[in-house]
Amino acid sequence: QLNAVIFDLDGVITDTAEYHFIAWKQLAEELGITFDRAFNEQLKGVSRMESLERILALGDQADRCTMAEKEALAHKKNEHYKQLIARMTPDDLLPGMLDLLRELKRQNVKIGLASASKNAFTVIERLQIGAYFDTIVDAAKVKNSKPHPEIFLTAAKQLRVDPSTCIGVEDAQAGVAAIKAANMFAIGVGDKEALKEADYIVETTADLTYDAIVRAFYRE
Ligand code: BG6
Ligand code: MG
């Protein structure tokens, strides 16, 4: 039985995954480090500081920075990111997402958010979709980051549903791994190869209809 759908935010509900990419890329270029979209797949779903560590390691600069310098770099990236999200409106919801949220509500399926971002509340506010969520778990509320299942398990607990009755929706490798580790049905949005661990994969959110996800869940 399907009791709840727990969504990742960045790259699933809205295309903030692209904003994170743009902001990291700018910071990396200032440090003389270049990275491509393939490398960026590894940053998706990963916390701010861990993302910075991975970029510095890519450029062989991990040992060159003090902790204070790393904090300053992470802060700089976030300032750039905040500028990008400040302009967001409800029009920035990805295709089909508003219909899906509405249909889940109509069908009495609970809705959760599991986001590694400290900016999650701001983004939800800009999109004006806060009322759809029965629970929101963000980076501030968990100790372990994805691929650890804690964030998805916390959302299920707050929704008072068994994880095996939940669908998790993710665009990140680390996120799909977290959903599977939580013993939930994993839906991946995006690249088939990058998200191959998912139980069901759609190329874009336009394919994420209520009927499609329910059919996929019960086929298992
Ligand atoms: C995740 C994104 O949702 O949040 C990552 O996929 C991002 O790219 C992480 O690094 C942390 O976000 P923030 O807003 O706290 O820096
Ligand atoms: Mg994501």
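Hydrogens, waters and symmetry mates play no part in the numbers below; they use all other heavy atoms, side chains included. Counting convention: from 1, in listed order, for ligands and their atoms alike.
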- Test: K180 and D199 ion pair at under 4.0 Å: yes

- Message: Checking T209 against D211: is there a side-chain donor and acceptor pair closer than 3.5 Å?
- Response: no

- Considering only NZ, NE, NH1 and NH2 on the basic side and carboxylate oxygens on the acidic side, decide whether R37 and E18 come within less than 4.0 Å. yes

Inventory of protein N or O atoms under 3.5 Å from ligand 1 N or O:
| residue | atom | partner | partner atom | Å |
| --- | --- | --- | --- | --- |
| ligand 1 | 3 (O) | D10 | OD2 | 2.7 |
| ligand 1 | 6 (O) | G45 | N | 2.8 |
| ligand 1 | 10 (O) | V46 | O | 2.8 |
| ligand 1 | 14 (O) | S117 | OG | 2.6 |
| ligand 1 | 14 (O) | N119 | ND2 | 2.6 |
| ligand 1 | 15 (O) | R48 | NH2 | 3.2 |
| ligand 1 | 15 (O) | K118 | N | 2.7 |
| ligand 1 | 16 (O) | R48 | NE | 2.7 |
| ligand 1 | 16 (O) | R48 | NH2 | 3.4 |

- Query: Which count of protein N, O or S atoms is obtained for distances strictly below 2.8 Å from the Mg ion (ligand 2)?
  - Reply: 3

- Query: In a check of side chain to side chain contact (heavy atoms under 4.5 Å, CB included) between F185 and each of I213, L2, I167, T165, which one passes?
  - Reply: I167

- Message: Minimum heavy-atom separation for Y132 and R102, please, with both atom names.
- Response: OH-CG, 3.4 Å

- Task: Using a strict 4.0 Å threshold on nitrogen-to-oxygen distance, state whether K44 and D8 make a salt bridge.
- Result: no

- Of all heavy-atom pairs between N78 and N119, which one has the smallest distance, and what is that distance? OD1-ND2, 3.0 Å

- Query: Is the shortest side-chain N to carboxylate O distance from D99 to R106 below 4.0 Å?
  - Reply: no

- Taking 4.0 angstrom as the limit, do K76 and E79 come out as a salt bridge? no

